[in-house]
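Have a look at the structure below before the remarks.
Lettering follows sequence order; numbering is per chain, from 1. These numbers were taken from a predicted model, which means no experiment stands behind them.
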Amino acid sequence: MYNRFKFSRIGVMLDCSRNGVMNLPTLKRWIDLIKDFGYNTLLLYLEDTYEIESRPYFGHLRGKYTQNELKEVDDYAFSKGIEVIPCIQTLAHIDTIFQWSEYKKICDCNDILLVGEEETYLLIDDMLKTLSKTFRSRCVNIGMDEAHMLGRGKYLDKNGHRKNSDLMLEHLSRISGLAKNYNFELTMWGDMFFRFLNNGKYYGKNTDVPKEIKDRIPDNVNLVYWDYYSLEKEHYDREIKAHKGVKDGIWFAGSLVSWNDFVPDNTFSIKACRSAISACAENGVSDIFFTIWGDDGAECSPFSLLPSLYFAACFAKGITDQNIIKKGFKENTGIDFDSYMLLDLPNTPNDDEPFIEFETYVADKYLFYNDCFLGKYDDTIREGDAAAYKLAAERLATVNTTPEYEYIFETISLLCKVLSIKTDIGMRTRKAYLKGNINALEQIVTDYSEMIKLTEKFYDSFCYRWMYENKPQGFEVQDVRIGGLIQRMKHCRKRLTAYLRGELSKIGELEEQVLSHNGTDASLTHEKATRDSFNWASVVTSNRL
Amino acid sequence: MSNCKNDRAVCCILRQLGIYEDDFIFSFVEDKTLKGISLTKMEKEIKIIFSERVFLFRALGLLKERIDEKVFSLEEKSRFSMNGVMLDCSRNAVASIETLKDIIRQMALMGHNTLMIYTEDTYEVEGEPYFGYMRGRYSTEELQLIDGYAGEFGIELIPCIQTLGHMRQALKWNGVYGNITDSDGILLIGEENTYRFIESMIKACRKAFKSNRIHIGMDEAHFMGRGKYYDKHGDRKLTELFYEHLAVVNKICEKYGFKPMIWGDMPIRQAGCEGYTDSSVDISGLDLKLKMPDDINFIYWDYYSETEERCEEFILAHEKISNNIMFAGSAWRYLNFAPNLEQSFLSTHSALKMCLKHNIKEVFVTLWGDDGNEQSYFTPWPVVQLYAEYNFYDNVSEEHLAKRFNTCTGGIYEDFCTLEVLNYPGSIAKIKDQNPPRYLFYQDVLLGQYDYYVEAGYNSYYDECSKKLRKCEKRAGKYDYIFSSMAALCDVLAEKSELGVRLKKAYDAKNFEEMKNIAEVTIPSIIRNVRKFRDCFYIQWMHEAKIFGFEVMDVRFGGLMRRLSTATDRINAFLKGEITEIPELCEERLPYNGQKDEKAVLSANWLGIISTSF
């Protein structure tokens with residue numbers, strides 16, 4: 001497949017900013033594990049979840065790591081031969097601090113810092129100073145991805161229109177200067193350079209970054225080419241060349257797909273990583289890492305991604321024989337590889353094999369939160385989906401796990417059990433109601449009761465999972481989501497019962513016509529919702545949460 | 001002489017007032033030159049002369065107050081040509097048809113001649129199935145029905161929509177509306193399709209309403225021209241952009257026979273006053289050269305200014321832009337379960353006095369319901385009454401207001417004022433833009449985001465409040481559900497207010513006995529009371545609104561109960577030694593958002609109260 005290219009860095013990035021902040025005992029276990037798998041770098045994604053002295057509202061009540069905790073992690077990793085690199089944000093994606101008026105002053109708009117403002121650089125200097133004190137590594141990832149509205153808010157009000165590329169480069173130059181005081185080498189996500197050329201899109205047609213832009217990238221800054229979406233090696237080849245064309249010395253970041261739902265997509269991740277890694281090897285990109293993002297609440301356990309985590313490491317070491325990899329996985333984790341892969345099932349339980357496509361799906365989450373009466377995602381449901389979840393639950397329950405990972409399978413199996421009833425309960429309710437089928441409605445009421453019981457069980461298991469792996473902060477959001485869901489199920493049941501008893505003359509919600517979830521077509525296409533097309537708040541209501 | 005038996009609306013009001021038409025001989029005369037009411041009672045003969053129909057109903061209410069007097073006559077001169085109410089039906093709750101009818105009857109008794117139902121996307125628009133989808137939108141028939149009903153009482157129903165910003169609920173369907181979205185709930189200016197869309201909205205209003213006026217919104221579109229518009233057209237002067245858009249929308253209105261009105265903040269903001277709602281901002285140096293077209297009414301809205309001087313300053317600024325100024329004030333009911341009457345009264349007095357001085361003839365009071373519409377539509381009605389009385393009187397005594405309120409709404413003024421005391425536990429000063437009941441209710445016991453402000457005595461304060469409200473409940477008549485629900489809230493707060501402080505204190509002092517007590521006694525009791533409150537609140541909601549939007553309240557209540565259970569679970573785990581610490585309780589209790597010198601604050605939105613993560 002490719003020559004045994006020697007990667008100098010094989011890393012994994014943990015998202016510690018999307019409500020889930022991994023606790024220290026677990027983080028140490030994680031370090032042991034990635035060490036065994038063959039990684040040499042751990043990257044921690046920290047938006048505001050690290051302590052900065054004299055900035056108490058930075059990461060306030062978010063479970064941020066204290067400086068001592070970070071030192072402890074760094075020491076531990078160092079003793080295992082692992083380098084820990086902080087990944088922070090110095091431009092966009094730092095919206096959690098803007099809930100405080102102290103920082104609102106330096107908000108351009110949305111989640112973007114106000115460029116060119118002295119106060120902004122005081123903050124960034126404080127960030128770098130903190131990292132310099134807590135980590136051995138002299139490398140920091142300063143973020144800078146997806147700053148789509150850069151310069152359009154307060155900046156525009158104050159300074160008028162400026163080219164956004166100029167703004168970013170000026171900003172970068174300031175940060176580069178600050179970093180030099182701490183001897184930091186910087187990496188930054190590479191997308192903005194291409195977005196400037198392609199109407200905001202990454203991986204666009206135009207890859208020819210003008211010389212005057214390239215020349216202004218500081219010498220202590222390297223780009224990270226990140227790509228989580230493609231299975232095609234040619235695509236990676238092309239993009240690597242494009243990124244190298246901007247500045248040589250790029251890093252690559254792939255993804256172990258885990259964001260926006262409860263379960264991993266190891267299948268997609270393995271295929272994507274394989275193409276990406278061979279492209280990196282052929283093009284001499286020697287620093288690579290794999291991200292585990294936790295957008296919208298960190299609901300997926302990083303430990304459910306062990307198959308792709310292991311696969312990626314093997315590929316990077318030049319091992320491509322599946323049987324060898326699978327055997328090694330079993331030896332390392334004690335669990336059969338194919339069994340572990342069953343954690344993927346809830347994404348696409350009712351799909352024909354092979355279900356891998358160019359899009360990854362997250363049916364488990366929107367079906368879990370889809371309101372029983374309002375049915376915003378009812379259009380995605382096909383015949384047999386609920387039954388497929390029943391089967392998935394059974395298959396997951398019978399996996400031969402180890403005490404260490406048993407809880408992960410239990411949680412996901414319970415989730416499937418809930419979905420085996422919940423997936424189509426709303427459709428069944430609506431259908432029976434509209435037909436005036438009282439017997440069917442009476443039967444469905446008992447399904448609500450069973451579903452509520454199972455959801456409570458799932459909650460307990462999920463809560464255990466969270467507290468075992470993470471700090472407790474951030475779980476309050478899960479309490480609200482799942483507690484809210486249970487209350488809502490109970491309420492729907494109550495309204496049904498009241499209707500059956502004649503206390504309620506009609507159930508208005510059920511008389512509304514269900515439309516397709518994405519609004520592309522008012523007819524029901526059974527099209528699934530894609531991973532990035534929703535978040536919790538948009539699933540549970542059409543109103544403002 | 002007219003026979004009131006042929007007049008459905010009159011019969012209805014007489015019945016409501018408990019006046020038997022057969023006991024009297026009525027004579028009703030409409031006289032437009034009068035500008036007000038003349039009411040004479042000579043034994044059984046009652047003569048009412050009124051300049052507009054709605055005043056007839058006000059006169060009937062006045063009659064009721066003095067029905068035992070054998071002979072009297074009174075006159076009232078009205079000073080406003082429009083005096084009305086704007087009801088928010090877009091913040092999850094959509095008032096039910098019965099509620100609207102009730103409101104219309106009360107308004108008639110008060111003498112309000114205009115009702116606006118604020119509908120962002122909560123009305124049916126032909127060919128737009130996603131517009132107001134699953135939000136409880138009014139069908140065209142429903143609106144026609146309300147329009148007709150209001151008309152019977154002489155009340156004009158004016159559509160109140162949005163044609164620039166505040167369109168997040170519709171535009172969230174980006175599969176449908178992506179191509180006409182600028183950014184963040186703002187319509188894309190200058191786009192054919194945008195105007196086609198706006199035209200279908202206005203056309204829908206034409207079909208549903210008889211009025212020749214329409215409120216087209218256009219407030220707080222802060223990010224106008226900065227999203228897709230900016231991508232396409234680059235940087236444009238916002239003022240020009242705004243006026244261009246307004247001109248097009250105005251033409252569409254004209255086509256359908258509507259004369260538009262808009263909120264006044266955008267032109268004032270663009271003239272240099274960013275803090276339109278900030279009473280401390282200096283507005284003396286504004287650049288107010290651009291003029292509003294004469295056929296557009298320009299609304300000075302102000303819910304905050306507490307002094308006449310400040311109001312006058314704002315009026316002068318608006319006058320520079322437009323010759324057609326209207327005023328909108330506020331009966332505060334947003335972001336809180338309890339009303340803020342003090343603030344409302346204070347701002348009403350100063351603003352309406354200045355409106356009269358500056359000959360602003362059209363005023364209305366808004367009943368906003370931001371962040372989930374958690375307050376009853378009726379709790380702030382003493383303020384609505386005050387607006388009605390200002391139409392006729394310069395100085396409205398509390399006694400006068402109380403009497404009129406009781407006549408027009410059937411509620412007891414003093415008891416409605418009692419609802420407000422929920423805002424003032426401990427040493428919190430009155431008349432402040434703050435909402436302790438809401439953050440004390442929702443805030444997390446373990447994270448204690450607002451514990452910094454909690455004083456000893458909050459619990460017992462709410463215990464007292466509950467007792468008072470229970471007394472009110474008994475004599476509240478048709479409003480008993482409001483007092484019952486607010487008393488239930490107080491029952492929660494009587495234990496929950498101080499719980500976080502108590503828990504942290506016990507944890508810090510390693511008082512395991514107290515912690516056990518909290519986990520096993522206090523929290524379970526609070527959960528029971530939250531459930532009771534939830535049930536009462538549901539009754540309140542269903543009394544007044546359609547079911548849609550309540551799913552959000554289910555999440556809020558269910559989430560809170562679940563979260564309280566988690567607190568018990570974690571305390572128990574700690575006491576059993578399964579965990580060695582409770583990190584949440586180790587965090588320092590910072591003041592909310594750095595406001596360390598305050599006694600209370602205005603909290604974040606719901607999600608921001610329960611968590612600092614989103």
Which portion of R91(B) sits near chain A, non-hydrogen atoms under 4.5 angstrom
neither
Just wondering, do E476(A) and L447(B) contact through their side chains at under 4.5 Å, heavy atoms?
yes
Under 4.5 Å between any side-chain heavy atoms of W100(A) and T612(B), yes or no?
yes
Considering only heavy atoms, which portion of F223(B) lies under 4.5 Å from any heavy atom of chain A: side chain, backbone, both, or neither?
side chain
Indicate yes or no: at least one non-hydrogen side-chain atom of V555(B) is less than 4.5 angstrom from one of Y369(A).
no
Atom OH in Y230(B), atom NE2 in H161(A): separation rounded to 0.5 Å?
4.0 Å
Verify, without hydrogens or angle tests, whether R226(B) (side chain) and G153(A) (backbone) share a donor-acceptor contact under 3.5 angstrom.
yes
Polar side chain donor-acceptor pair, N92(B) to R544(A), under 3.5 angstrom:
no
Ionic contact status for D235(B) with R152(A), cut-off 4.0 Å
no
Does a donor on one side chain and an acceptor on the other come within less than 3.5 Å for R62(A) and S613(B)?
yes
If I measure from the heavy atoms of chain A, does R531(B) come under 4.5 Å with its side chain, its backbone, both, or neither?
neither
Report yes if some heavy atom in the side chain of P591(B) is under 4.5 Å from a heavy atom in the side chain of Y57(A); otherwise report no.
yes
Heavy atoms, side chains only, cut-off 4.5 Å: are I547(B) and E509(A) in contact?
yes
R495(A) portion near chain B, given a 4.5 angstrom heavy-atom threshold:
side chain
Give the member of Q595(B), M553(B), Q449(B) that has the highest number of heavy-atom pairs under 4.5 Å with chain A.
Q449(B)
Between M561(B) and chain A, which part of the residue has a heavy atom less than 4.5 Å away: side chain, backbone, both or neither?
side chain
Portion of K494(A) that has a non-hydrogen atom of chain B nearer than 4.5 angstrom:
side chain
Toward chain A, the part of D371(B) with a non-hydrogen atom under 4.5 Å
side chain
Does G558(B) offer a backbone N or O that forms a donor-acceptor pair with the side chain of K490(A) under 3.5 Å?
no
Report which part of N373(B) has an atom under 4.5 Å of a heavy atom belonging to chain A: side chain, backbone, both, or neither.
neither
Can you say whether E587(B) sits under 4.5 Å from chain A via the side chain, the backbone, both, or neither, judging by heavy atoms?
side chain
Assess the side chains of Y130(B) and S516(A): does a donor N or O sit below 3.5 Å from an acceptor N or O?
yes
Contact part of S565(B) toward chain A, heavy-atom cut-off under 4.5 Å: side chain, backbone, both or neither?
neither
F475(A), part contacting chain B, at a heavy-atom distance under 4.5 Å
both
Under 4.5 Å, counting heavy-atom pairs only, tell me which of A604(B), G227(B), G608(B), G372(B) racks up the most with chain A.
G227(B)
Donor on one side chain, acceptor on other, Q169(B) and N543(A), under 3.5 Å
no
Under a 4.5 Å heavy-atom cut-off, does chain A meet the side chain of K172(B), its backbone, both or neither?
side chain
Using non-hydrogen atoms only, which part of Y592(B) is less than 4.5 Å away from chain A: side chain, backbone, both, or neither?
both
Let me confirm one number: the CG-CG distance from D479(A) to D444(B), rounded to the nearest 0.5 Å.
8.0 Å
Pairwise side-chain contact, F373(A) with E551(B), heavy-atom cut-off 4.5 Å (strictly under):
no
Checking Y133(B) side chain against S542(A) main chain: does a donor-acceptor pair fall under 3.5 Å?
no
